[in-house]
There are 2 protein chains.
Amino acid sequence: MLAFLLDPAALSGPADGASDMHPTRQRLISVATRLFQQRGYHAIGLAEILALSETPKGSLYHHFPGGKPELAEACVTRIAESSLAAIDRLSGSGLDMIGFLRRLAEVTAAWLQRTDWLDGSLLAVIGQEQGGVNGPLSEAVRIAYQRIEMRLARWLMAEGVAVARARDMAATIIAAQEGALVLARSRHDAAPVTLVTDMLCTMVDRG
Amino acid sequence: MLAFLLDPAALSGPADGASDMHPTRQRLISVATRLFQQRGYHAIGLAEILALSETPKGSLYHHFPGGKPELAEACVTRIAESSLAAIDRLSGSGLDMIGFLRRLAEVTAAWLQRTDWLDGSLLAVIGQEQGGVNGPLSEAVRIAYQRIEMRLARWLMAEGVAVARARDMAATIIAAQEGALVLARSRHDAAPVTLVTDMLCTMVDRG
DNA sequence: GCCAGCATAGACCGACCAGTCTAGCGGCGA
DNA sequence: TCGCCGCTAGACTGGTCGGTCTATGCTGGC
């Protein structure tokens, strides 16, 4: 979910401990992530990824022998790690829970508008497309959500929320944000993000 | 969103005023809806739809001259109309708002488990895949969400909610439910649906 | 300078895609 | 009985898909 804190700029930011990654690999993941999160996994052909990233096909299969699925998996993992880093950044910035949620809504709304509603949640779109299919890709999405949820819960616990409740609240926050994103993109209107955030704030407020 | 009240059985139920529709057309929409909501628009080939519905290609293009996009549009519209009918049915059954949300959660959880997490929200997956693309298909999704939201808001108003607040609450309910569905499918666990419903109930309770 | 390897480069392939087209079925009105 | 027409039927096509393969840089260690 915090996935949508990310824009292409953030993707190549220092938050990702990926400076040691081969530039071609990095470029492929970056371009593929953007395309996948805009139109999903199946709608994007390798040709488009290769053209936009100015990479020949041979390089793709050198860095990702598993082809398209492996590349998508790398994108999912990358999004997860960037999200974890974003949570850590916020948790170290002195914001309380309400402040965090408000800030998240601001960033999300700005991102949606800036990308002209083109970008969406990579995890949501790939997760939905893979559906019940039990492949490594849907497994990667599941793990990504789980990791984000746990990190979020850990922070909520540090803010004084009880253990069991923290897990539940984290899942609720992620679900509500993802849904708001779906609706906001369809309507070309950031209002759902704000509305959902209001609700989350009262939830957090009451414990 | 109430989209997910629907399973294949419900789709061919009497709730749809489509008894006058040509059986082939009906069969195509029914099968295509199920496939699309499981794996999205682009992952499903016509061959699969035709095989499962035992329909030759000529018939598809007879009933849907616009081809795959027109078929998908019909699926979206059908989902919207079934959702409206479902809302009307519930609003006439004497349930209060909390009762409605609880019932929705029950039905959704049961549906997810029964379909082994294969089925998802047609509107969400197609909306995400189409992204910012301004085609008739994404427009159909937008309109579907809008119609569902308005019908839901109308009912909330009948339950005593103020006009402006009803619209906001309706959007929030849809967003939260859609997000819960995304997370639940990925985790193969209906808990997010319950969690989100708890939050929605307190929202509705406080007005 | 030379070799070894990683990495680039893109021609090429069979499979599959959505969509077109012609042919034929079957029931109903004249 | 005949002809019409809504509908079925599926062969066929051009294009695109993901993936493979061979050839060619390019560069750091010797």
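Naming convention: chains lettered A, B, ... in sequence-line order (proteins, then strands); numbering from 1 in each chain.
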Could you state the interatomic distance from [atom1] ([X]) to [atom2] ([Y]), rounded to the nearest 0.5 Å?
{"X": "B:Q130", "Y": "B:L137", "atom1": "CD", "atom2": "CG", "answer": "4.5 Å"}
{"X": "A:T55", "Y": "A:H63", "atom1": "OG1", "atom2": "NE2", "answer": "8.5 Å"}
{"X": "A:L112", "Y": "A:R114", "atom1": "CG", "atom2": "CZ", "answer": "9.5 Å"}
{"X": "B:S83", "Y": "B:I148", "atom1": "OG", "atom2": "CD1", "answer": "4.0 Å"}
{"X": "B:M169", "Y": "A:M199", "atom1": "CE", "atom2": "CE", "answer": "10.0 Å"}

When the distance from [atom1] of [X] to [atom2] of [N] is rounded to whole Å, what number comes out?
{"X": "B:E48", "N": "C:dC16", "atom1": "CD", "atom2": "P", "value": "12 Å"}
{"X": "B:L46", "N": "D:dG15", "atom1": "CG", "atom2": "P", "value": "19 Å"}
{"X": "A:Y41", "N": "D:dC17", "atom1": "OH", "atom2": "P", "value": "13 Å"}
{"X": "B:K68", "N": "C:dA18", "atom1": "NZ", "atom2": "P", "value": "4 Å"}
{"X": "B:L50", "N": "D:dT8", "atom1": "CG", "atom2": "C1'", "value": "12 Å"}
{"X": "A:I49", "N": "D:dT16", "atom1": "CD1", "atom2": "P", "value": "17 Å"}
{"X": "A:E54", "N": "C:dA9", "atom1": "CD", "atom2": "P", "value": "10 Å"}
{"X": "B:R27", "N": "D:dC7", "atom1": "CZ", "atom2": "P", "value": "13 Å"}

Taking only heavy atoms on the protein side, list every residue of residues 55-67 of chain B lying under 4.0 Å from any atom of DNA chain D, sorted numerically. B:P56, B:K57, B:G58, B:S59, B:H62, B:H63

Base, sugar-phosphate, or nothing: which does B:L71 touch, judged by heavy atoms less than 4.0 Å apart? nothing

Just to be sure I understand the rule, does A:I44 reach a base, reach only the sugar-phosphate, or reach nothing, if contact means heavy atoms closer than 4.0 Å? sugar-phosphate

Kindly determine whether A:Y145 and A:E178 satisfy side chain to side chain donor-acceptor pair (under 3.5 Å), including the steps that lead there. CA-CA 11 Å; A:Y145 273 130; A:E178 290 287 54; 2.5 Å; yes

How does each nucleotide of nucleotides 23-29 of chain C score, in 5' to 3' order, for protein heavy atoms under 4.0 Å: base (B), sugar-phosphate only (S), or none (-)? -------

Is any side-chain N or O of A:T24 closer than 4.0 Å to OP1 or OP2 of C:dT8? yes

Angle class for the A:H188/A:W117 ring planes (parallel below 30°, perpendicular above 60°, tilted otherwise)? parallel

B:S93 side chain near B:F100 side chain, heavy-atom distance below 4.5 Å: no

Is there a donor-acceptor pair under 3.5 Å between the side chain of B:R185 and the backbone N or O of B:D119? yes

